[in-house]
Amino acid sequence: MTIIANTLIALTALAHIGFLVLEMFLWTKPQGRKVFRMTPEQAETTKVLAANQGLYNGFLAAGLVWSLIHPQPDFAFQLKLFFLVCVIVAAIYGAWSVKPRILLIQGGPAIAALLFLLLAS
């Protein structure tokens, strides 16, 4: 169970690194506009907000990576729990405020990771 939980946590972190890249560096590029279905004008107008959002996704990824490499098991568990819940809360808010699909894309791996983490404890 622990291996599955840690694998899902790593995948969640990788996804958030991907969100960071999309939102901070590719937002106004064709790839970013295609993913978020925006016109060049929309992307240009919202690029500062997207970069801020991308930065927060990077912090979530950093916390998840930290939780995987921390040498003290009890504290690592607390980090995993905290950062997974942060991701899930962000996904719930995104699903409510932007698009329901966000809960599946952003929250799905984190929810699965949290379930396996709790089963492993």
Side-chain angles (χ1 to χ4, degrees):
M1 293 289 176
T2 301
I3 292 170
I4 295 170
N6 287 341
T7 300
L8 289 167
I9 291 168
L11 289 173
T12 303
L14 283 173
H16 280 77
I17 291 168
F19 301 150
L20 175 147
V21 171
L22 273 170
E23 294 166 348
M24 293 189 81
F25 306 111
L26 301 177
W27 190 259
T28 59
K29 308 286 189 273
Q31 307 95 314
R33 292 194 324 265
K34 181 179 178 185
V35 168
F36 295 102
R37 298 180 180 111
M38 294 182 297
T39 65
E41 296 77 23
Q42 289 171 316
E44 192 61 37
T45 305
T46 58
K47 72 180 181 180
V48 173
L49 294 171
N52 186 54
Q53 190 171 289
L55 186 63
Y56 284 104
N57 278 310
F59 291 142
L60 290 172
L64 290 168
V65 169
W66 180 29
S67 78
L68 290 171
I69 64 173
H70 197 282
Q72 185 183 10
D74 290 341
F75 188 57
F77 175 82
Q78 292 172 354
L79 290 171
K80 290 171 185 176
L81 191 63
F82 174 78
F83 284 101
L84 287 170
V85 169
C86 286
V87 169
I88 293 165
V89 169
I92 291 168
Y93 183 76
W96 174 76
S97 63
V98 179
K99 187 186 310 182
R101 192 173 131 190
I102 290 174
L103 185 59
L104 177 64
I105 294 169
Q106 183 179 358
I111 292 167
L114 180 62
L115 290 174
F116 278 96
L117 179 68
L118 294 174
L119 288 173
S121 65

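Just so you know, residue 1 is the first one in the sequence shown, and it goes up from there. Only a predicted model underlies this, so the values are computations on that prediction, with no experimental measurement involved. We use all heavy atoms of the structure for the numbers below, so side chains are in, but hydrogens, waters and symmetry mates are not.
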Discussion item. Donor-acceptor check, side chain of R33 to backbone of T28, threshold 3.5 angstrom: yes or no?
Written reply: yes
Item to complete: Compare every heavy atom of L114 with every heavy atom of I88, then report the nearest pair and how far apart it is.
Response: CD1-CD2, 3.7 Å
Discussion item. How close do A61 and A13 get, counting heavy atoms only, and between which atoms?
Written reply: CB-O, 3.5 Å
Worksheet item: So, for L103 and I111, which heavy atoms are closest and what is the spacing to 0.1 Å?
Response: CD1-CD1, 4.4 Å
Discussion item. Using every non-hydrogen atom in the two residues, find where S67 and L79 come nearest and quote the distance to one decimal.
Written reply: CB-CB, 3.5 Å
Discussion item. Using side-chain heavy atoms (C-beta onward) and a distance below 4.5 Å, is L22 in contact with V35?
Written reply: yes
Fill in: Polar side-chain atom of T46 near backbone of L49 as donor-acceptor pair, under 3.5 Å
no
Practice prompt. Check whether I17 and L68 end up in the same hydrophobic cluster, where Ile, Leu, Val, Met, Phe, Trp and Tyr are linked by side-chain heavy atoms less than 4.5 Å apart.
Written response: no
Worksheet item: Are K80 and L64 close enough that some pair of their side-chain heavy atoms sits under 4.5 Å apart?
Response: no
Discussion item. Could you measure the distance from the NZ atom of K47 to the NZ atom of K29? Nearest 0.5 Å is fine.
Written reply: 8.0 Å
Worksheet item: Do E23 side-chain atoms and L20 backbone N/O form a donor-acceptor pair below 3.5 Å?
Response: no
Practice prompt. Give me the ring orientation class for W66 and F75: parallel if the planes are under 30° apart, tilted from 30 to 60°, perpendicular past 60°.
Written response: perpendicular
Practice prompt. Over 60° means perpendicular and under 30° means parallel, so classify the ring planes of Y56 and F59, tilted if in between.
Written response: perpendicular
Fill in: Between CZ on residue F25 and CD on residue Q31, distance to nearest 0.5 Å
13.5 Å
Discussion item. Do F77 and F82 sit in one hydrophobic cluster, given that two such residues count as connected whenever their side-chain heavy atoms are within less than 4.5 Å of each other, even indirectly?
Written reply: yes
Discussion item. Would a single hydrophobic cluster contain both I9 and L81, if residues Ile, Leu, Val, Met, Phe, Trp and Tyr are joined by side-chain heavy-atom contacts under 4.5 Å?
Written reply: yes
Worksheet item: Are L8 and L104 in one and the same hydrophobic cluster, where Ile, Leu, Val, Met, Phe, Trp and Tyr link if side-chain heavy atoms are under 4.5 Å apart?
Response: no
Worksheet item: Within the distance-only criterion (no hydrogens, no angle test), does the side chain of W27 pair as donor or acceptor with the backbone N or O of A43 below 3.5 angstrom?
Response: yes
Practice prompt. State yes or no: do M24 and V21 share one hydrophobic cluster built from I, L, V, M, F, W and Y residues joined by side-chain heavy-atom distances below 4.5 Å, directly or via other members?
Written response: yes
Worksheet item: Between CG of N6 and CD1 of I3, what distance do you get to the nearest 0.5 Å?
Response: 8.0 Å
Worksheet entry | Heavy-atom side-chain proximity of T12 to Q106 below 4.5 angstrom | no
Response to the item:
In short, G94 meets I102 closest at the heavy-atom pair O-CD1, 3.6 Å
Practice prompt. Starting at CG of L119, measure out to CD1 of I4 and round the result to the nearest 0.5 Å.
Written response: 9.5 Å
Worksheet entry | Pairwise distance CZ(F19) to CG(L60) - rounded to 0.5 angstrom | 10.0 Å
Worksheet item: At what distance, to the nearest 0.5 angstrom, does CG of L115 lie from CG of L84?
Response: 10.0 Å
